[in-house]
Amino acid sequence: MSNILQLLGTEVACGDSSGSASNFGGRSLVRLINTTTSDHLVTLEAAGGVDTGTLTLTAKGVVILKKLPTEKIFAANVGVKGVAIGYAN
């Protein structure tokens with residue numbers, strides 16, 4: 001897999017509840033960064049608000065999350081930001 005990221009949107013703060021979760025334009029890859037000095041829980045949920053999985057994003061941590069187009073993401077703190085990405089060759 002290439003290390004060249006293709007930005008497919010603008011980085012935004014993740015919602016901090018199920019009601020403010022985002023599907024990031026239906027994209028399958030989302031780069032998440034925790035801009036805070038504390039660890040925060042990130043939740044992936046399916047349509048209807050059913051949690052699919054969770055992870056703890058460490059302080060200043062970065063992760064690329066693969067998801068289904070209909071799945072949404074929210075975090076325990078709006079200091080967690082995300083942007084839809086692809087990989088370029």
ILVMFWY cluster, [X] and [Y] together (side-chain gap under 4.5 Å):
X	Y	answer
Leu44	Val63	yes
Ile33	Ile73	no
Leu8	Tyr87	no
Leu29	Leu5	yes
Leu41	Leu65	no

For this session: Go through the steps for Leu32 and Val83 under the test side-chain contact (heavy atoms from CB on, under 4.5 Å), then give the verdict.
Result: CA-CA 7 Å; Leu32 298 169; Val83 61; over 6 Å; no
Exercise. Going through the distances and angles, do Ile85 and Gln6 end up as a side-chain contact (heavy atoms from CB on, under 4.5 Å)?
Worked result: CA-CA 5 Å; Ile85 62 164; Gln6 178 182 10; over 6 Å; no
For [X] and [Y], which heavy atoms make the closest approach, and how far apart are they?
X	Y	answer
Val80	Ala75	CB-CB, 3.6 Å
Lys81	Ala13	CG-CA, 4.0 Å
Phe24	Cys14	CZ-SG, 4.1 Å

Problem set entry | More than 12 heavy atoms of other groups within 6.0 Å of Lys67 NZ |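 Count over threshold, so yes.
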Exercise. Does a side-chain heavy-atom distance below 4.5 Å link Glu45 with Val50?
Worked result: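 The answer is no; the side chains never approach within 4.5 Å.
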For this session: Give the C-alpha distance, both sets of side-chain angles, the deciding distance and a yes or no for side-chain contact (heavy atoms from CB on, under 4.5 Å) between Ser18 and Phe74.
Result: CA-CA 6 Å; Ser18 178; Phe74 68 93; 4.1 Å; yes
Is the backbone of [Y] close enough, under 3.5 Å, to the side chain of [X] for a donor and an acceptor to pair up by distance?
X	Y	result
Asn34	Leu57	yes
Asn77	His40	no
Lys60	Thr35	yes
Asp51	Gly53	no

For this session: Any chance you could lay out the side-chain contact (heavy atoms from CB on, under 4.5 Å) test for Glu71 and Thr52, step after step, and finish with the verdict?
Result: CA-CA 8 Å; Glu71 289 179 314; Thr52 305; 3.2 Å; yes
